Amino acid sequence: VQLQASGGGLVQAGGSLTLSCVVSGASISENAWGWYRQIAGKRRDLVAALTQEGSTTYRDGVKGRFNISTDNTRNTVYLQMNSLKPEDTAVYYCRPGGSYFSLLLTDYTNWGQGTQVTVSS
């Protein structure tokens with residue numbers, strides 16, 4: 001599986017970004033998907049998840065501001081981020097899982113290239 005995240009950048013607080021994760025070697029519809037973020041020196045945290053059934057889960061602090069979605073025709077997973085805050089600054093990654101619970105496991109190793117999001121105050 002190859003995962004290529006993009007769409008990050010520098011944005012002022014209150015702004016918006018849409019991250020994309022182009023997937024090859026895995027089925028969009030047959031997997032659950034998660035977006036994660038990592039601040040330097042800290043662990044990678046799950047911020048948004050989407051199951052095969054269409055259920056979404058968001059980390060406290062991003063609920064109502066972030067939206068995860070997929071496009072099967074483009075083999076892409078998206079993270080729409082609105083009302084961005086400086087504390088959203090991190091490197092963002094996506095990855096597949098067999099279920100929502102599998103996205104919570106910490107033993108995944110095939111992380112692709114993340115995309116840096118920097119929110120200025």
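What you see is a predicted model, and the numbers here were worked out from it, not measured in a lab. Note that these values count all heavy atoms, side chains included, but never hydrogens, waters or copies made by symmetry. Start at 1 with the first residue, then count along the sequence.
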### Task
Consider only side-chain N and O atoms of E53 and T51, and report whether a donor and an acceptor are under 3.5 Å apart.
yes

### Task
For the residue pair S120 and Q12, confirm or rule out a side-chain donor-acceptor distance under 3.5 Å.
no

### Query
For the residue pair L3 and W33, what are the closest heavy atoms and their distance?
CD2-CZ3, 3.9 Å

### Non-hydrogen atoms of G7 and L17 that approach each other most closely
O-CD2, 3.8 Å

### Task
Report the C-alpha distance between Y58 and I68 in whole Å, list the side-chain angles of each, state the deciding distance to 0.1 Å, and finish with yes or no for side-chain contact (heavy atoms from CB on, under 4.5 Å).
CA-CA 9 Å; Y58 297 93; I68 184 172; 3.4 Å; yes

### Task
Determine, for R59 against D45, whether the closest basic-nitrogen to carboxylate-oxygen distance falls under 4.0 angstrom.
yes

### Task
Identify whether NZ of Lys or CZ of Arg in R44 sits under 6.0 Å from the centre of the six-membered ring of Y93 and within 45° of that ring's axis.
yes

#### Entry: Charged tip of R95 within 45° of Y108 ring normal and under 6.0 Å
yes

### Donor-acceptor contact present, side-chain T118 to main-chain T89, <3.5 Å
no

### Query
When rounded to the nearest 0.5 angstrom, what distance separates OG in S24 from CD in Q2?
4.0 Å

### Task
Can you measure from SG (C94) to CD (Q113) and round to the nearest 0.5 angstrom?
11.5 Å

### Query
What do the steps show when you test L50 against T70 for side-chain contact (heavy atoms from CB on, under 4.5 Å), and what is the final call?
CA-CA 9 Å; L50 175 65; T70 59; 3.6 Å; yes

### Task
Look at atom CD of Q116 and say whether more than 12 heavy atoms of other residues, nucleotides or ligands are closer to it than 6.0 Å.
yes

### Message
Using the ring centroid of each side chain, check whether Y78 and W35 are separated by less than 6.0 Å.
### Response
no

